[in-house]
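The figures here come from the full heavy-atom set of this structure, side chains too, leaving out hydrogens, waters and symmetry mates.
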Amino acid sequence: DTDTIVKSMPVDPFRLLEDEQLDYIGPIMYQDGPRVVEGIWETFLRFAVEEGIHPRGLVPLSNGNKDGYSAEDISGMSLEQATDVLLHRGYNLMIFYCNWEVSNVNIWRSPVFGRLARFIDAAGGIILRRWGDCPIRTLSLYLLQEALGWKFRQYRGLVLYHKAWHSTAGTELQESMRARK
C-alpha cells in the first residue's frame, strides 16, 4: 500500500507475534462506509450457519446491545438464535484499516478459511458491491477465531501517515488533470 507510511514502530511486530503467541496483529480500527460493505454481514452469518460455526466471535462487530442481550447471552444461544440476533443488530462497520498487518500465513491456509473465501467470492460482493480486503479480513478473524483458535489483536503503538486521511478523495486526480491542461 503505497499511500501508507510507517513513521514509528517501537516494537518489532514479529517478536510481538511470537512473544504473545498471536496469529495476527492489525492496525487501527476504522469505520468503513456502509455502501462498500452492503450485504457482507448477512453473507458471513449465512456462512456461519452453513458451516455450523457459532457467530459469538462477531458480537464485538455488531451494533451494540440495542436488544438487551449481552455477549454471554448470545454465546449461550443456539446457532440459529444467535445468528438471528446478530442479523437484526447489523454490522457496526469496524475494520482493521490501512493494509498494515502482520500475520501467521497459516491462518489464511486453513480449510475453513478456504471455504469462506469461496463462499464470499460466490456471493459476488467483491465485484458487485466493492467489498474490500479489510472488512473481509476483519470479519473472517472475528468469526473464525474460536473455531480455529486464532489469537489476534490491534497494535496501537504504530504511528502511520496515510494520504487518504490527509487529503480529500479525488484531489490527486484533479490536480493531475489540471497540470495536463
Legend entry - Phe152 and Tyr142 aromatic centres sub-6.0 Å: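 Here the rings of Tyr142 and Phe152 have centres that are less than 6.0 Å from each other.
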Indicate yes or no: at least one non-hydrogen side-chain atom of [X] is less than 4.5 angstrom from one of [Y].
X      : Y      : answer
Arg118 : Asp121 : no
Leu79  : Pro55  : yes
Leu143 : Phe47  : yes
Phe113 : Leu144 : yes
Asn104 : Gln21  : no
Thr43  : Trp131 : yes
Tyr91  : Leu58  : no
Ile74  : Arg89  : yes

Inset, instruction - Using the test side chain to side chain contact (heavy atoms under 4.5 Å, CB included), find all partners of Arg35 that sit at least two apart in sequence or belong to another chain. - result: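 Checked Arg35 against side chain to side chain contact (heavy atoms under 4.5 Å, CB included); zero matches.
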Legend entry - Ser78 vs Gln81, side-chain contact (heavy atoms from CB on, under 4.5 Å): CA-CA, chis, key distance, verdict: CA-CA 5 Å; Ser78 69; Gln81 186 181 10; 3.4 Å; yes
At what distance, to the nearest 0.5 angstrom, does [atom1] of [X] lie from [atom2] of [Y]?
X      : Y      : atom1 : atom2 : answer
Asp84  : Leu45  : CG    : CG    : 10.0 Å
Met94  : Gln154 : CE    : CD    : 7.5 Å
Asp32  : Cys134 : CG    : SG    : 7.5 Å
Leu148 : Asp23  : CG    : CG    : 9.0 Å
Ser75  : Tyr69  : OG    : OH    : 14.0 Å

Could you tell me which non-hydrogen atom of [X] sits nearest to which non-hydrogen atom of [Y], and how far apart they are?
X      : Y      : answer
Ile95  : Pro135 : CG2-CA, 3.5 Å
Ser103 : Leu17  : N-CD1, 4.1 Å
Ile136 : Ser140 : O-OG, 2.6 Å

Inset, instruction - Can you establish whether the number of heavy atoms outside Leu128 located under 6.0 Å from its atom CG is more than 12? - result: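 Above 12, so yes.
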Inset, instruction - Tell me, please, which residues at least two apart from Glu42 pass salt bridge (charged side-chain N to carboxylate O under 4.0 Å, His left out). - result: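 Salt bridge (charged side-chain N to carboxylate O under 4.0 Å, His left out) list for Glu42, sorted by chain: empty.
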Legend entry - Derivation of the salt bridge (charged side-chain N to carboxylate O under 4.0 Å, His left out) call for Glu20 and Arg153: CA-CA 10 Å; Glu20 294 190 21; Arg153 77 172 178 90; 2.9 Å; yes
Inset, instruction - Evaluate side-chain contact (heavy atoms from CB on, under 4.5 Å) for Leu93 paired with Val37, printing each intermediate quantity in order. - result: CA-CA 8 Å; Leu93 309 178; Val37 294; 3.3 Å; yes
Legend entry - Residues which pass ring-ring contact (aromatic ring centres under 6.0 Å, His included) with Phe44, listed by chain and number, not counting sequence neighbours: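 Partners of Phe44 by the ring-ring contact (aromatic ring centres under 6.0 Å, His included) criterion come out as none, since no residue qualifies.
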Inset, instruction - Tell me whether Leu139 is reachable from Met29 by hopping between hydrophobic residues (I, L, V, M, F, W, Y) whose side-chain heavy atoms are closer than 4.5 Å. - result: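 As far as the 4.5 Å side-chain criterion goes, Leu139 and Met29 are connected within one cluster.
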Inset, instruction - Treating Ile, Leu, Val, Met, Phe, Trp and Tyr as nodes and any side-chain heavy-atom pair under 4.5 angstrom as an edge, say whether Val105 and Ile107 lie in one connected cluster. - result: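 Different clusters.
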Legend entry - Main-chain N/O of Gln145 paired to Lys151 side chain as donor or acceptor, under 3.5 Å: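 Judged by distance alone, no pair lies under 3.5 Å.
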Legend entry - Donor-acceptor under 3.5 Å (Arg129 side chain, Glu38 main chain):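 At least one qualifying donor-acceptor pair exists.
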Legend entry - ring pair (Phe, Tyr, Trp, His ring centres under 6.0 Å) assessment of Tyr30 paired with Phe96: CA-CA 6 Å; Tyr30 183 81; Phe96 284 117; over 10 Å; no
Legend entry - Of Leu87, Asn92, Leu86, Asp67, the residue whose pairing with Ser62 passes side-chain contact (heavy atoms from CB on, under 4.5 Å):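 Of the listed options, the one satisfying the test is Leu86.
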Legend entry - Steps toward side-chain contact (heavy atoms from CB on, under 4.5 Å) verdict (Thr83, Arg46): CA-CA 8 Å; Thr83 301; Arg46 272 196 326 276; over 6 Å; no
Inset, instruction - Kindly indicate, with the supporting measurements, whether the criterion salt bridge (charged side-chain N to carboxylate O under 4.0 Å, His left out) is fulfilled by Arg115 and Glu50. - result: CA-CA 11 Å; Arg115 291 191 302 275; Glu50 283 193 22; over 6 Å; no
Inset, instruction - Applying side-chain contact (heavy atoms from CB on, under 4.5 Å), run through Val112 and Ile53 and close with a yes or a no. - result: CA-CA 10 Å; Val112 70; Ile53 298 171; 3.9 Å; yes
